[in-house]
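Below you'll find the structure, written out as structure tokens, and then a few comments.
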Amino acid sequence: KNLEETLEKYPEGQVAIIAPEIAIEPWWTTALQQKHDALNYHAAKTPKQKAILWKEVFEGKHRIIYGSRSLLLAPFRDLRAIIMMNEHSIGHKEDQRPKFHTRDLAYIMQKLTGADLHGIGSSISLPLWHKIEEKKLAVPVPTRRDDTQFKIIDMRSERKGGNFSPLSEDLLNILTATLKHTSQAILFLNKRGESSCLLCRDCGYIPKCHKCQRNLIVQRHATQGQVMACIAGEVIEPMPDACPRCGGVSMKMVGLGQEKLVALLQEHFPKARIAIYGKDRAKTPSEQKKILKNFAQGEIDILITTPLLYNGAPIPAVPVVAALDIDTGLTTPHFMSGEKTLHHLQDMQSFLKPKGILLLQTHIPDNPLLTCYRENRLNDWYEGELKSRKMLHYPPYSKIMILTSTLREHGNISAKTSLEKTLDYIKKTEPELSIELAKKNIGHRDKYYLVIRGRDTEKMMSVIRSMPDVSLDIDSPYLI
């Protein structure tokens, strides 16, 4: 509805609609091309197809052009408006060279062409809010829907009342009423397997992956039954009969995983049809589409899912949406944890029917974000978050640059050694810059990179331009 209203404002000229993921574009094709003369443009096209599309865009043959990030690089003849769908989505950040963000490129195109910039979606990022506050953009500020209900369930009170289950009494009662009326529910739980880890209650030992030192999760294997596995893949180990360190037999599964949630729900609702929508169960696009199609046709009563659902095909709204572990996102030691959780809340409410209810199970109900969300004071939270970031010199009041080495390891020269030399050079030439060498394990391999933070972007760039054999990424959501 918001998209159609925006398109009506521009009967002439060209309008660019940017989606965060190519995967959702086929679902837009039917909707847009039924009403408008729309052209589908994205980087997955063949070189020949791209050449034809570029020519059509340049000649102004189509009023509406929609696609993913690379669309803004097309040669528009008369660009009047840029519409970013779900601007807060991580999908708007390019992970290959050139590693641009659609939002930053849209700012440049706005200055060059005079086109209006619109953000349509359930939420907006803090950098975009900052532009709105500076009155550089006129983008509607999202709020919590007033046609739905919102309830925070204090899991501390559940335990005090004798309920030690990960499912609260309120959630079970609402699911009972929902299933009784043959309605559907969506439960968000971003944890694979049966449990997050295995814990020895005698000595505190937790089995870890021998390759990356992550905690091994407990999950069901197709042929081996219950096993311990690393979320990075490859490593699968049998369940121990006793603790490898102390020999104790008090090994306990800790944390709630999707598979365990299915088992718990089946105990309470044996007739309910329950499915998991995640990359473990639906690894290919066709498998994902099949699950969503079954849900849309009413063949699934309770859908357990992850944020992967946000980029899937449109599904019918439901009366109940619940987040079973919102605390994980809120307590992650990252400066963007609150912002990401807010986007998660806004995306979840988009699946609700009018008068539907969004339930949050939490042990920290007094968290400032949850308080502002409950009272529908998102403006206050955005302003408070901006003040905190300004005080701590985090984006949008600074830039965080990620430098990775482009050298392949050979002989005595490694990526780590190359970055250490770069680190020493920058510390000597620009001692006021905040810089450190960091490490991240990706797919059982340690990846080293430099993190540079500062306000003077030009000075930072002048230093980096003199550095050979490095790749640059600015404000990357993948590493920082």
Please report the shortest heavy-atom distance between I17 and L71, naming the atom on each side. O-CD2, 3.5 Å
Can you tell me how far apart OG1 (T305) and CD1 (I315) are? Round to the nearest 0.5 Å. 8.0 Å
For R144, does its backbone N or O pair with a side-chain atom of N376 as donor and acceptor, under 3.5 Å? yes
Within a reach of under 6.0 Å around CZ of R159, are more than 12 heavy atoms found that belong to other residues, nucleotides or ligands? no
Is there a side chain to side chain contact (heavy atoms under 4.5 Å, CB included) between L216 and K208 once you walk through the steps? CA-CA 5 Å; L216 294 175; K208 295 182 181 295; 5.6 Å; no
Rounded distance [0.5 Å steps], NE2 in H181 versus OG1 in T176: 11.5 Å
Let's go through M348 and L360 carefully: what are the C-alpha distance in whole Å and the side-chain angles of both, what is the deciding distance for side chain to side chain contact (heavy atoms under 4.5 Å, CB included) to 0.1 Å, and is it a yes or a no? CA-CA 11 Å; M348 283 192 294; L360 298 186; 4.0 Å; yes
Do side-chain atoms of D366 reach the backbone of L370 as a donor and acceptor pair under 3.5 angstrom? no
Judged by atom type as modelled, is there a donor-acceptor pair below 3.5 Å linking the side chain of E158 to the main-chain atoms of D154? no
Determine whether more than 12 heavy atoms belonging to other residues, nucleotides or ligands lie under 6.0 Å from atom CD of E12. no
Show, in sequence, the C-alpha distance, side-chain angles and deciding distance for I402 and I474, and conclude whether the side chain to side chain contact (heavy atoms under 4.5 Å, CB included) test is met. CA-CA 6 Å; I402 307 295; I474 299 176; over 6 Å; no
What do you reckon, are the aromatic ring centroids of Y310 and F188 less than 6.0 Å apart? yes
Is the backbone of L308 close enough, under 3.5 Å, to the side chain of T306 for a donor and an acceptor to pair up by distance? yes
First locate atom CG of L3, then atom CD of E8, and finally report the distance between them rounded to the nearest 0.5 Å. 10.0 Å
Where the side chain of S183 meets the backbone of L179, is there a donor-acceptor pair that is under 3.5 Å apart? no
Between R80 and D116, does any NZ, NE, NH1 or NH2 come within less than 4.0 Å of an OD or OE carboxylate oxygen? no
Using the ring of Y449 (Phe, Tyr or Trp, six-membered ring only), decide whether K439 places NZ or CZ under 6.0 Å from its centre and within 45 degrees of its axis. no
Whether R192 side chain and I231 backbone form a donor-acceptor pair below 3.5 Å: yes
Is there side-chain contact between K191 and T328, with heavy atoms separated by less than 4.5 Å? yes
When you check the gap from the basic side-chain N to the acidic O, do E385 and R389 get nearer than 4.0 Å? yes
Is any side-chain heavy atom of E237 closer than 4.5 Å to a side-chain heavy atom of H210? yes
Backbone N or O of A38 within a donor-acceptor pair of the H36 side chain at under 3.5 Å? no
Mind running salt bridge (charged side-chain N to carboxylate O under 4.0 Å, His left out) on K99 and E94 for me, showing each step along the way? CA-CA 5 Å; K99 298 180 179 180; E94 179 61 66; over 6 Å; no
Check: L369 and T341 side chains under 4.5 Å, non-hydrogen atoms: yes
Taking the side chain from R273 and the backbone from G298, do they hold a donor-acceptor pair closer than 3.5 Å? yes
Beyond-backbone contact of M109 with L79, side-chain heavy atoms, under 4.5 angstrom: yes
Please work out which of the three classes, parallel, tilted or perpendicular, describes the rings of W129 and Y382, given edges at 30° and 60°. parallel
CG (L352) and CG (L358) are apart, to the nearest 0.5 Å, by 6.0 Å
Backbone N or O of H334 within a donor-acceptor pair of the S337 side chain at under 3.5 Å? yes
Of V320, V318, I357, the residue whose pairing with T178 passes side-chain contact (heavy atoms from CB on, under 4.5 Å): V320
Validation row: E87, S125 side chains within 4.5 angstrom (heavy atoms): yes
Do any N or O atoms from the side chain of Q349 and from the backbone of R145 form a donor-acceptor pair under 3.5 angstrom? yes
Please report the C-alpha distance between L198 and N215 in whole Å, then the side-chain angles of each, then the deciding distance to 0.1 Å, and finally whether the side chain to side chain contact (heavy atoms under 4.5 Å, CB included) criterion is met. CA-CA 8 Å; L198 201 62; N215 292 344; over 6 Å; no
Stepwise side chain to side chain donor-acceptor pair (under 3.5 Å) check, H88 with D347: CA-CA 10 Å; H88 63 282; D347 285 333; 3.1 Å; yes
Pairwise side-chain contact, P127 with E339, heavy-atom cut-off 4.5 Å (strictly under): yes
Nearest 0.5 Å, what's the NZ-NZ distance between K390 and K387? 10.0 Å
Ring geometry between Y394 and F335 (parallel below 30°, tilted from 30 to 60°, perpendicular above 60°): parallel
Minimum heavy-atom distance between V57 and A74, given as atom pair plus value: CG1-CB, 4.2 Å
Check this for me: does any side-chain nitrogen of one of D475 and K399 sit under 4.0 Å from a carboxylate oxygen of the other? yes
4.5 Å side-chain heavy-atom contact, L187 and L303: no
N/O donor to acceptor pairs below 3.5 angstrom from side-chain atoms of residues 249-268, sequence neighbours left out:
from	atom 1	to	atom 2	distance (Å)
Q258	NE2	L189	O	2.9
E259	OE1	R220	N	2.9

NE2 of H101 to CG of D473, rounded to nearest 0.5 Å, is 10.5 Å
Atom of C243, atom of C246 and distance for their closest heavy-atom approach: SG-N, 3.5 Å
Worked verdict on H118 versus Y10 for side chain to side chain donor-acceptor pair (under 3.5 Å): CA-CA 12 Å; H118 299 269; Y10 302 95; 2.8 Å; yes
List the steps, then state whether side chain to side chain donor-acceptor pair (under 3.5 Å) holds for E287 with Y277. CA-CA 9 Å; E287 290 175 339; Y277 180 74; over 6 Å; no
Using a 6.0 Å cut-off, check whether atom CG of N173 has over 12 heavy atoms from anything other than its own residue. yes
Measure across L53 and N40 and return the closest heavy-atom pair with its distance rounded to 0.1 Å. CD1-O, 3.7 Å
Compare every heavy atom of T148 with every heavy atom of K353, then report the nearest pair and how far apart it is. O-CG2, 3.6 Å
Within a strict 4.5 Å, meaning less than it, do heavy atoms of the D327 and Q361 side chains meet? no
Closest non-hydrogen contact found for H92 with M85 is NE2-O, 2.8 Å
